[in-house]
Amino acid sequence: MENIKLDITKAAQFLKAGAVEAYEPKAKAAQEALENGTCAGNDFLGWLHLPSSITPELIAEVQATADTLRRKCEVVVVAGIGGSYLGARAVIEALGNSFAWLVDDKKNPTILFAGNNIGEDYLSELTTYLKDKKFGVINISKSGTTTETALTFRLLKKQCEAQRGKAEAKDVIVAITDAKKGAARAAANKEGYKTFVIPDNVGGRFSVLTPVGLLPIACAGFDIQKLVEGAQDMEKATALNVPFAENIASQYAATRQGLYTQAGKKIEIIANFQPKLHFIAEWWKQLYGESEGKDHKGIFPAACDFTTDLHSMGQWIQDGERSIFETVISIETPNKELDFPHDEENLDGLNFLAGKRVDEVNKMAELGTRLAHVDGGVPNIRISVPKLNEYYIGELIYFFEKACGVSGLMEEVNPFNQPGVEAYKKNMFALLDKPGYEADSKAIKERLAKEK
């Protein structure tokens, strides 16, 4: 089976000859630091060999739990934020029916996501929708005290128990949390929920191949074994012993760093011509933004869905400030076939397309866009994915994770922490008068009074 492919030729041309290859020693050093555990953040390297360490027993346990939820629930709500939901949503949206919420085929429960915002209207509308539904909850939180997720789970737990009874609710609520400590673990132990562990050495944004991602994906009816197999093969394809010229993770990392440090490209736009990849881009944004954006460094990660966003962002990309480069994810073969029809009147003038597959039109839009953007001064990286299925999504996930670790270390930051995320939480808790934040509350309120 072929692997995903990387084409950097339309990016390397914006650098001096041999510039990407010159990064080989630095990329290799980053790879060695990951493998040897000598890098910053080395207590969060559990993702590195996660695919090859997943056992058949874990897959079977996750699948059995998913089967229980699928049998007993019309709707499964995944409560989590950041890496605790983006990976699962990315895979489910990429592989699922684009109109899943309108299609009730009785084969798969509807998968909804909550706990990723504090929107009162959103939560009110969600709980209203669930009033006549047999629903279950997958609560994903290492601590159990993350505000957005904890608030949502409290609402959903009470509603599920009220509608299904406490005994039945226990069988359709699953906790994915810390092995021993935290509020979510304590609640799960007290209530008798089925639980899975978030490994201590795997950060949230790298957790999609743990039960954090695998359970919701299995609940949606997708083959998690194939997903893991794709990741396992990409783990081998990007291993330390793979030469730089063949190692697409190191090549991607080196090209990004070259464009950033040598060509002054501060923004990377991840682009696709397949709308199913929207949440793959959202997951990628967190992965790279949270990993590299620190110490006043880092490429800003942005995303566009083409051709849609060519009618909104296309002008800026083509003619705006030349601070950007693009990485295009291209799906070689779609899963469906649809031909463009002939029309007798031809009022739109499109009969020259009659008989062509819609994907051929889309591919020419992709090629034309890439040519135009390169001509306009935008370096272009292309990631070619043979087909949209579990195996290749598994490859893509691990490829991006490995390249992120290498790229972050080449940038000389700790890719595995996120100290800046805590700043807003501290202010929010102080403003809400949370116990323990009294001094912060007083200081912030005095500051706000002065600013009025």
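Being a predicted model, the structure only gives us computed values, none of them experimental. Each residue takes its place number in the sequence, starting with 1.
Applying the salt bridge (Lys or Arg N to Asp or Glu O under 4.0 Å) test between D171 and each of K134, K194, K72 identifies K72 as the sole match. If you run salt bridge (Lys or Arg N to Asp or Glu O under 4.0 Å) between E292 and each of K297, R205, R256, K285, only R256 comes through. Paired with F206 under the rule ring-ring contact (aromatic ring centres under 6.0 Å, His included), one option of Y398, W47, W283 passes, and it is W47.
To the nearest 0.5 Å, atoms CD (E246) and CG (L6) are separated by 13.0 Å. Note that CZ of F429 and OH of Y437 are 5.5 Å apart. Values are rounded to the nearest 0.5 Å. Here the CD atom belonging to E235 is positioned 8.0 Å from the CG atom belonging to L50, to the nearest 0.5 angstrom. The CG atom of N117 sits 12.5 Å away from the OG1 atom of T147 when rounded to the nearest 0.5 Å. The distance from the CG atom of L156 to the OG1 atom of T127 is 8.0 Å, given to the nearest 0.5 Å. To the nearest 0.5 Å, atom NE2 of residue H373 and atom CG of residue N380 are 9.0 Å apart.
Of the possible polar contacts, one joining the Q274 side chain to the K276 backbone as a donor-acceptor pair under 3.5 Å is found. A distance-only check finds no donor-acceptor pair linking the side chain of Y288 to the backbone of G298 [under 3.5 Å]. Within the 3.5 Å criterion, the main-chain N or O of S250 finds a donor-acceptor partner in the side chain of N247. Side-chain atoms of E395 do not come within 3.5 Å of backbone N or O of N3 as any donor-acceptor pair. When atom types are taken as modelled, the side chain of T149 and the backbone of T146 share no donor-acceptor pair closer than 3.5 angstrom. A distance-only check finds a donor-acceptor pair linking the side chain of R70 to the backbone of C219 [under 3.5 Å]. The backbone N or O of F44 lies less than 3.5 Å from no partner atom in the side chain of N201, so there is not a single donor-acceptor pair. In this structure a side-chain-to-backbone donor-acceptor pair under 3.5 Å is present from Q286 to G83. Without hydrogens or angle criteria, T38 side chain to L34 main chain gives no donor-acceptor distance under 3.5 Å. The backbone N or O of N241 sits nowhere less than 3.5 Å from a side-chain atom of Q31 that would complete a donor-acceptor pair.
By the 6.0 Å contact criterion, NZ on K387 is enclosed, its count of non-hydrogen atoms from other residues, nucleotides or ligands being greater than 12.
With sequence neighbours excluded, the residues satisfying side-chain hydrogen bond (donor to acceptor under 3.5 Å, both in side chains) with N189 are R185. Annotation: side-chain hydrogen bond (donor to acceptor under 3.5 Å, both in side chains) contacts of D433 (sequence neighbours excluded): S441, K445.
In this model, no donor atom of one side chain and acceptor atom of the other lie less than 3.5 Å apart for H49 and Q232. In summary, the side chains of N272 and D305 do present a donor paired with an acceptor at a separation below 3.5 Å, with no hydrogens or angles considered. Q63 and D67 share a donor-acceptor pair across their side chains, judged by distance under 3.5 Å alone. Counting only N and O atoms by type, the side chains of N139 and Y193 include no donor and acceptor under 3.5 Å apart.
For K294 and E412, the salt-bridge test fails: no basic side-chain N is under 4.0 Å from an acidic carboxylate O. We find that K442 and E438 are not joined by a salt bridge, their nearest charged nitrogen and carboxylate oxygen being 4.0 Å or further apart. Checked for salt-bridge contact, K157 and E161 meet the test: a charged N lies under 4.0 Å from a carboxylate O. Contact check on D178 versus K142 returns a salt bridge, with a Lys/Arg side-chain nitrogen under 4.0 Å from an Asp/Glu carboxylate oxygen. In summary, K356 and D339 do not engage in a salt bridge, as defined by a charged side-chain N under 4.0 Å from a carboxylate O. With salt bridges taken as basic N to acidic carboxylate O contacts below 4.0 Å, one links K363 and D359.
At least one side-chain heavy atom of L95 sits under 4.5 Å from a side-chain heavy atom of E390. A heavy-atom distance below 4.5 Å is not found between the side chains of I59 and V62. In this structure, T238 and V242 have side chains that are not in contact, with every pair of non-hydrogen atoms separated by 4.5 Å or more. Taking the side chain as every heavy atom from C-beta outward, V174 and V137 never approach each other to under 4.5 Å. By the 4.5 Å heavy-atom criterion applied to side chains, I111 and V75 are not counted as neighbours.
Residue I317 comes nearest to C304 through the heavy atom pair CD1-SG, 4.2 Å, listed as atom of the first residue, atom of the second, then distance.
For the pair K402 and F400, the NZ or CZ position fails the cation-pi test of under 6.0 Å to the six-membered ring centre and within 45 degrees of the ring normal.
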- Let me see the working for S330 and E366 under side-chain hydrogen bond (donor to acceptor under 3.5 Å, both in side chains), right down to the final yes or no. CA-CA 8 Å; S330 181; E366 177 188 326; 3.0 Å; yes

- Task: Please lay out, stage by stage, how R154 and E148 fare under the test salt bridge (Lys or Arg N to Asp or Glu O under 4.0 Å).
- Result: CA-CA 10 Å; R154 181 182 288 202; E148 295 89 342; over 6 Å; no

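Between F325 and Y260, the ring centre distance reaches or exceeds 6.0 Å.
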